[in-house]
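Comments concern the structure below.
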Amino acid sequence: MAKLSASILTADFSDLRETLALFERHPAVGWLHMDVMDGAYVPNISFGPPVVRSLARATGLPLDIHLMVEEPGRLLGDFKTEKTEYITVHQEACTHLDRALRQIRDLGVRCGAALNPATPEGTLDYALGSVDQVLVMSVNPGFGGQRFIPDALRKVRALAEERSRRGLSFQIAVDGGVNADNVAEIRAAGADIIVTGSAVLDAPDPAAELALLAKNMEGADVCV
């Protein structure tokens, strides 16, 4: 069954408890998605380990840490908390991806590899047996509220087919521009984890939008 990973990137940081409560109440939300940006790999700066540690104490949801940083291997231990379930690094940001994935595993955390929109899924060919999650970016990383890039669906389908062909068990996540109108198509392509953020948090009624998004995701006809 597919689950939502709820991003706080566009939340009101003066009142995060309300955002946490919104996501914790809905059974389709499996993780709190933490977009960590360093101002170098991506243009923006978001937050770092102190905020992640604080939120780990404040939420009952496990954390899905998405590191949009250069050479993430030097920082991995800083994002290990009692709530951290996934740490995902960008294939493009790692000089030694295999080493970074092993470092994450050694922390007792599930490891993920993210792919930017123009990065082919084939660049992970020799890493697919080592990852717990492949995060397909359906926007260019660094900003919330962008439009979904349709070619991401081809990448999701290709990964789902390769997973089936090789008998692998990694999860496929999609991040960027997901909303109630396109989530069924994304799920049908083979995505297991749907990252949602601004589509819910910027809606006039976030709770209603979250419910609609989850309903449309759950009603998708998965064909892979």
Side-chain angles (χ1 to χ4, degrees), residues 1-38 42 44-69 72 75-90 104 107-114 132-139 141-145 171-180 183 186-187 191-203 206-207 209-214 217-218:
M1 184 175 70
K3 284 282 189 179
L4 297 171
S5 187
S7 172
I8 63 167
L9 184 62
T10 59
D12 179 357
F13 274 70
S14 69
D15 190 11
L16 281 179
R17 289 191 182 278
E18 182 177 339
T19 299
L20 294 180
L22 167 70
F23 291 140
E24 288 171 346
R25 283 194 299 265
H26 202 289
V29 177
W31 301 270
L32 195 65
H33 189 86
M34 309 288 288
D35 290 300
V36 178
M37 304 178 183
D38 65 353
V42 293
N44 278 339
I45 297 173
S46 57
F47 44 77
V51 172
V52 171
R53 288 193 293 268
S54 294
L55 287 171
R57 294 191 294 269
T59 183
L61 290 169
L63 303 184
D64 178 14
I65 310 291
H66 177 194
L67 296 182
M68 289 175 268
V69 303
L75 301 171
L76 296 172
D78 295 335
F79 292 95
K80 166 67 187 297
T81 75
E82 68 277 8
K83 295 284 179 58
T84 304
E85 184 168 328
Y86 283 103
I87 296 178
T88 295
V89 296
H90 272 259
I104 297 169
L107 292 171
V109 176
R110 294 181 180 181
C111 62
D132 297 297
Q133 174 178 267
V134 176
L135 177 62
V136 175
M137 294 300 300
S138 44
V139 298
F143 300 91
Q171 300 283 285
I172 301 171
V174 174
D175 182 3
V178 178
N179 56 47
V183 68
I186 295 166
R187 172 66 178 133
D192 310 290
I193 299 172
I194 307 292
V195 180
T196 183
S198 60
V200 168
L201 296 179
D202 294 347
E209 192 66 23
L210 178 59
L212 178 61
L213 183 70
M217 176 184 72
E218 291 162 2

Residues which pass salt bridge (Lys or Arg N to Asp or Glu O under 4.0 Å) with Arg53, listed by chain and number, not counting sequence neighbours: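 Per chain and number, Arg53 pairs via salt bridge (Lys or Arg N to Asp or Glu O under 4.0 Å) with no residue.
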Side chain to side chain donor-acceptor pair (under 3.5 Å) partner of Thr88, the single match among Gln133, Arg110, His66: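 Of the listed options, the one satisfying the test is Gln133.
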Step-by-step side-chain contact (heavy atoms from CB on, under 4.5 Å) determination, Leu20 to Leu55: CA-CA 9 Å; Leu20 294 180; Leu55 287 171; 4.0 Å; yes
For the side chain of [X] and the backbone of [Y], is there at least one donor-acceptor N/O pair under 3.5 Å apart?
| X | Y | result |
| --- | --- | --- |
| Ser5 | Asp64 | no |
| Ser46 | Asp35 | yes |
| Asp78 | Pro49 | no |
| Lys83 | Leu63 | no |
| Asp132 | Cys111 | yes |

Are [X] and [Y] side-chain neighbours, meaning at least one heavy-atom pair lies under 4.5 Å?
| X | Y | result |
| --- | --- | --- |
| Asp202 | Thr10 | yes |
| Arg57 | Glu82 | yes |
| Phe79 | Val36 | yes |
| Leu67 | Leu76 | yes |

Steps toward side-chain contact (heavy atoms from CB on, under 4.5 Å) verdict (Phe47, Met37): CA-CA 7 Å; Phe47 44 77; Met37 304 178 183; over 6 Å; no
Provide the closest heavy-atom pair for [X] versus [Y] in the form atom of the first, atom of the second, distance.
| X | Y | result |
| --- | --- | --- |
| Phe13 | Ile8 | CE1-O, 3.4 Å |
| Val200 | Phe23 | CG1-CE2, 4.2 Å |
| Pro206 | Leu201 | CG-O, 4.3 Å |
| Leu213 | Ala180 | CD1-N, 3.5 Å |
| Val139 | Gly176 | CG1-C, 3.5 Å |
| Val183 | Ile194 | CG2-CG2, 3.9 Å |

Verdict with reasoning, Glu218 to Met1, per side-chain contact (heavy atoms from CB on, under 4.5 Å): CA-CA 8 Å; Glu218 291 162 2; Met1 184 175 70; 5.5 Å; no
[atom1]/[X] to [atom2]/[Y] distance, rounded to the nearest 0.5 angstrom?
| X | Y | atom1 | atom2 | result |
| --- | --- | --- | --- | --- |
| Leu4 | His33 | CG | NE2 | 12.0 Å |
| Thr81 | Ile87 | OG1 | CD1 | 8.5 Å |
| Leu135 | Ile193 | CG | CD1 | 8.5 Å |

Would you please name every residue forming a side chain to side chain donor-acceptor pair (under 3.5 Å) with [X], sequence neighbours left out?
| X | answer |
| --- | --- |
| Ser138 | none |
| Glu209 | none |
| Asp12 | Ser14 |
| Asp38 | none |

Residue pair Ile186, Val178: steps toward the side-chain contact (heavy atoms from CB on, under 4.5 Å) verdict: CA-CA 8 Å; Ile186 295 166; Val178 178; 3.8 Å; yes
Pairs touching residues 22-32 that satisfy side-chain hydrogen bond (donor to acceptor under 3.5 Å, both in side chains), sequence neighbours left out: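 As it turns out, the side-chain hydrogen bond (donor to acceptor under 3.5 Å, both in side chains) pairs with a partner in residues 22-32, which skip direct neighbours, are Glu24-Thr59, Trp31-Glu85.
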